[in-house]
Amino acid sequence: MSVLLEFRDVEASYGGAIAALHGVSLSLAEGEFAALLGANGAGKTTLLKAASNLLPAERGRISAGHILFDGQDVTAHDPGDHLRRGLVPVLEGRRCFKNLTIEENLITGAIGRGLRRTSIAQGLEQVYDLFPRLKERRKVAAGLTSGGEQQMAAIGRGLMARPRLFVLDEPSMGLAPLVVTEIFEALTRLNVETGLTLLVAEQNSAVALKHAHNATVIENGRSVLQGRAADLAARSDIRDSYLGGA
Ligand code: ATP
């Protein structure tokens, strides 16, 4: 299987001084569902932002190493180019436009990608099939929906941009366990049915390891452990040392 995303000894810093990544390597194959695990502040969000070349917007930069998406250096393209090439990040959790309806929020995802009307209709169909609750709530202002529905809408909006690589930052954050399960089952379904490649950062390691194929553990900006999710989940020493006993 071909490699879709590759980090080679990546170092990244903010404002020229604060180093957030100190040497991260990872490789994501097309069709893989990968989890990125680590405690608060470990560097997960920085890594996801680096993948889409979003660090410069925060006065951050890659100071060493390389990141390749689909064989090309990510720093050579701006985030909009990456989006059009299929690298779609859903980073700020469930950041919806609160005054727009759920359906309008979904459509904004397709507009960013420059898609036409038939693609938009197909996209909506796919999202509503995945999250029937969004169909019921499609005419409701996003600000009036639940946290779970807003997270589903944020994921749905990303899907409307037709990702090849879907990058998600802590989709479980602040949500009830049943909703978290529903969301991860939907991600698994996308991966299995459409072959979508997923990179999902999570502090909820239990749910991430249950659904992902492989996982990378980040600690203080370094990738300290990589392996098959099932193997990592089975090792109590790893759970205790890196995963908060989850
Ligand atoms: P969390 O789960 O809290 O988001 P994380 O694993 O995603 O944690 P990052 O947000 O990537 O970790 O943070 C890694 C380090 O980089 C931290 O020390 C953080 O304070 C720092 N950092 C993150 N964003 C910025 C920024 N915009 N400017 C300066 N430092 C930052």
Side-chain angles (χ1 to χ4, degrees), residues 5-28 33-67 69 74-75 78-79 82 87-96 147-148 150-151 154-155 158 165-177 179-180 183-184 187 198-212 214-227 229 232 238-246:
L5 181 71
E6 192 170 8
F7 276 61
R8 291 186 198 147
D9 301 319
V10 173
E11 296 180 17
S13 58
Y14 290 100
I18 310 157
L21 299 180
H22 301 273
V24 171
S25 295
L26 68 85
S27 177
L28 192 62
F33 184 165
L36 187 63
L37 308 176
N40 214 339
K44 303 181 297 298
T45 303
T46 302
L47 190 155
L48 299 186
K49 285 181 177 163
S52 317
N53 200 15
L54 285 163
L55 289 182
E58 298 194 34
R59 300 203 323 117
R61 68 187 187 99
I62 295 163
S63 42
H66 294 283
I67 307 173
F69 169 60
V74 298
T75 60
D78 66 35
H82 288 307
L87 201 174
V88 178
V90 180
L91 294 189
E92 309 264 330
R94 62 192 82 116
R95 194 173 58 180
C96 289
Q150 289 182 34
Q151 182 61 280
I155 292 172
L165 170 58
F166 205 22
V167 171
L168 302 167
D169 197 6
E170 307 227 15
S172 80
M173 199 193 296
L175 302 181
V179 182
V180 173
I183 284 172
F184 271 82
L187 296 177
L198 289 154
L199 178 59
V200 181
E202 259 304 337
Q203 282 195 49
N204 185 339
S205 52
V207 76
L209 289 175
K210 188 170 166 204
H211 290 84
N214 298 307
T216 296
V217 179
I218 302 285
E219 192 182 42
N220 295 324
R222 289 186 173 83
S223 39
V224 291
L225 200 65
Q226 283 169 330
L232 297 190
I238 291 172
R239 280 207 303 269
D240 297 343
S241 308
Y242 297 114
L243 308 177

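Side chains included, hydrogens not; waters and symmetry mates left out as well; all remaining heavy atoms used. Remember, predicted model here, so these are calculated numbers, not experimental data. We count ligands from 1, going down the list as the structure has it; atoms in each ligand are counted the same way.
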Quiz item: Do any heavy atoms of G60 fall under 4.0 Å from ligand 1?
Solution: no
Exercise. For atom 27 (N) of ligand 1, grab the closest protein heavy atom and report residue, atom and distance to one decimal in Å.
Key: E58 OE1, 2.8 Å
Quiz item: Of all the atoms in ligand 1, which lie at a distance below 4.0 Å from a heavy atom belonging to A39?
Solution: 6 (O)
Quiz item: For L47 and ligand 1, does the shortest N/O to N/O distance drop below 3.5 Å?
Solution: no
Quiz item: What's the spacing between N204 CG and M173 CE if we round to 0.5 Å?
Solution: 11.5 Å
Exercise. Please report the closest heavy-atom contact between E170 and K44, naming both atoms and the distance.
Key: OE2-CE, 3.5 Å
Quiz item: Please state which protein non-hydrogen atom is closest to atom 1 (P) of ligand 1 and give its distance, to 0.1 Å?
Solution: N40 OD1, 3.4 Å
Practice problem: Could you find the nearest protein heavy atom to atom 30 (N) of ligand 1 and give me its residue, atom name and distance? | Solution: Y14 CD1, 3.3 Å
Practice problem: Give the numbers and elements of all ligand 1 atoms closer than 4.0 Å to a heavy atom of Q203. | Solution: 2 (O)
Quiz item: With a 4.5 Å heavy-atom cut-off, do S52 and F69 have their side chains touching?
Solution: no
Practice problem: Mark the output for G43 as yes if a heavy-atom distance to ligand 1 is under 4.0 Å, and as no if none is. | Solution: yes
Quiz item: Are L54 and L91 close enough that some pair of their side-chain heavy atoms sits under 4.5 Å apart?
Solution: yes
Quiz item: Which ligand 1 atoms does A20 reach within 4.0 Å, using its non-hydrogen atoms?
Solution: 15 (C), 16 (O)
Exercise. Report the nearest protein non-hydrogen atom to atom 10 (O) of ligand 1: residue, atom name, distance rounded to 0.1 Å.
Key: T45 CB, 3.6 Å
Quiz item: Can L26 and L47 be said to form a side-chain contact (heavy atoms from CB on, under 4.5 Å), step by step?
Solution: CA-CA 11 Å; L26 68 85; L47 190 155; 4.1 Å; yes
Quiz item: Side-chain donor-acceptor pair under 3.5 Å between E6 and S27, yes or no?
Solution: no
Self-check item: From CG (D169) to OG1 (T46), nearest 0.5 Å
Solution: 9.5 Å
Practice problem: Kindly compute the distance separating CG (L187) from CZ (F166), expressed to the nearest 0.5 Å. | Solution: 7.5 Å
Practice problem: Taking all non-hydrogen atoms of both residues into account, name the closest pair between V88 and G158 and its distance. | Solution: CG1-O, 3.5 Å
Quiz item: Considering only the protein, which heavy-atom contact is closest to atom 17 (C) of ligand 1, and what is its distance?
Solution: G41 O, 3.9 Å
Exercise. Could you tell me which atoms of ligand 1, counted from 1 in the order shown, lie closer than 4.0 angstrom to a heavy atom of A42?
Key: 5 (P), 6 (O), 12 (O)
Self-check item: Heavy-atom nearest neighbour in the protein, as seen from atom 11 (O) of ligand 1, with distance rounded to 0.1 Å
Solution: T46 OG1, 2.5 Å
Practice problem: Tell me, with the steps shown, if T75 and I67 meet side-chain contact (heavy atoms from CB on, under 4.5 Å). | Solution: CA-CA 8 Å; T75 60; I67 307 173; over 6 Å; no
Quiz item: Of all the heavy atoms in E170, does at least one lie under 4.0 Å from an atom in ligand 1?
Solution: yes
Exercise. Using protein heavy atoms only, decide if any is under 4.0 Å from atom 19 (C) of ligand 1.
Key: no
Practice problem: Using distance alone, with no hydrogens and no angle criterion, decide if D9 and S25 have a side-chain donor and acceptor under 3.5 Å apart. | Solution: yes
Practice problem: Decide whether the shortest distance between a heavy atom of G15 and an atom of ligand 1 is less than 4.0 Å. | Solution: no
Quiz item: Short list, please: which atoms of ligand 1 are under 4.0 Å from a heavy atom of K44?
Solution: 2 (O), 5 (P), 6 (O), 7 (O), 8 (O), 11 (O), 12 (O)
